[in-house]
Amino acid sequence: MRRVLVFVRLGLLLTLIGTLVPLLDALADRIRAAYPAFTAEEGRREKSAIVIYPVTMGVVAIVVWSWTARFFETGRSRARVAATVVFLVAGVVSRLPPVVAGREMPTAYGALTLLPCVAGAAVVLALWTGDPAGRSTGMPSR
C-alpha cells in the first residue's frame with residue numbers, strides 16, 4: 001500500500017476521533033464547575049458554542065479526507081498541489097474558533113484538531129519527497 005494512503009487513512013481516523021470526542025465528553029459538568037452562576041440555558045448555549053465548531057469542521061474534514069483518499073487511489077497527477085492546498089487551508093481553519101466565536105476551545109479539543117494536521121503534514125511531506133502520485137518507487141527518498 002502506498003505510504004501516502006496510510007497517512008490519509010490515519011488522518012481520517014484521527015479526524016473521526018476528534019469529531020466524536022466533543023459529542024461524548026461530559027462538557028456540561030465542566031461548564032457548570034467553571035461558571036457556577038450560569039443558568040441551565042446559559043450552560044447549554046456555552047456547550048453548543050464550544051461543540052458546534054469542532055463537530056462541524058470534523059464532518060467537513062471527514063469528507064475532505066475521504067475525497068483525498070479517493071484522489072490518491074485513482075492516481076491523479078496533481079496530488080502534490082491538491083494536498084498542499086488542502087493542508088494549508090485546514091491549518092488556517094483549525095485555528096479560527098477564537099477569532100470567529102470570540103472564545104477559546106478547551107485545550108483537549110484544540111489538541112484533537114491538531115492531530116489530523118500532523119497526518120496532513122506527513123501526507124504533504126511524503127508527496128513532495130517521493131513519487132508525484134504518492135506511489136512507493138522502491139527508491140530512497142531524497
Side-chain angles (χ1 to χ4, degrees), residues 1-137 140-142:
M1 176 178 294
R2 296 180 265 174
R3 71 183 159 149
V4 172
L5 278 174
V6 171
F7 293 133
V8 169
R9 289 182 179 131
L10 177 63
L12 181 58
L13 176 65
L14 292 170
T15 301
L16 184 61
I17 291 168
T19 303
L20 292 176
V21 165
L23 294 173
L24 303 174
D25 189 17
L27 186 59
D29 295 336
R30 287 196 267 164
I31 291 171
R32 271 193 297 280
Y35 304 103
F38 272 14
T39 66
E41 178 59 29
E42 289 171 323
R44 279 193 295 277
R45 279 190 303 215
E46 184 68 13
K47 180 181 178 184
S48 293
I50 292 171
V51 170
I52 286 174
Y53 186 82
V55 170
T56 302
M57 289 298 100
V59 169
V60 170
I62 288 168
V63 170
V64 172
W65 278 114
S66 299
W67 169 80
T68 303
R70 179 108 170 105
F71 191 79
F72 292 125
E73 286 170 345
T74 58
R76 301 285 168 91
S77 61
R78 295 187 197 111
R80 286 179 177 168
V81 174
T84 303
V85 169
V86 168
F87 174 70
L88 292 174
V89 169
V92 170
V93 170
S94 72
R95 303 293 20 127
L96 286 180
V99 175
V100 173
R103 49 179 107 243
E104 293 290 325
M105 275 200 305
T107 305
Y109 294 176
L112 284 172
T113 63
L114 290 179
L115 289 176
C117 292
V118 172
V123 167
V124 171
L125 183 64
L127 285 170
W128 286 100
T129 59
D131 183 56
R135 290 183 287 277
S136 177
T137 61
S141 297
R142 291 179 278 210

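Owing to the predicted nature of the structure, the values given are computational and were not obtained by experimental measurement. All values below come from the heavy atoms of this structure, side chains included, with hydrogens, waters and symmetry mates left out.
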Minimum heavy-atom separation for [X] and [Y], please, with both atom names.
X: L14; Y: L115; result: CD1-O, 3.6 Å
X: V55; Y: T19; result: CG2-O, 3.7 Å
X: L5; Y: A69; result: CD2-O, 3.7 Å
X: P116; Y: G11; result: CB-O, 4.1 Å
X: W65; Y: F7; result: CZ3-O, 4.2 Å

Self-check item: Heavy-atom side-chain proximity of V64 to T68 below 4.5 angstrom
Solution: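 V64 vs T68: side chains touch.
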Exercise. Indicate yes or no: at least one non-hydrogen side-chain atom of V123 is less than 4.5 angstrom from one of L127.
Key: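 Yes. Closest side-chain heavy atoms under 4.5 Å.
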Exercise. Tell me, yes or no, whether the heavy-atom count around Y35 atom OH, taken from other residues, nucleotides or ligands under 6.0 Å, exceeds 12.
Key: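 Count not over threshold, so no.
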Self-check item: Steps toward side-chain contact (heavy atoms from CB on, under 4.5 Å) verdict (W67, V86)
Solution: CA-CA 11 Å; W67 169 80; V86 168; 4.1 Å; yes
Quiz item: Looking at OG1 of T129 and CG of L125, how far apart are the two atoms once the value is rounded to the nearest 0.5 Å?
Solution: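 The CG atom of L125 is 4.5 Å from OG1 of T129, to the nearest 0.5 Å.
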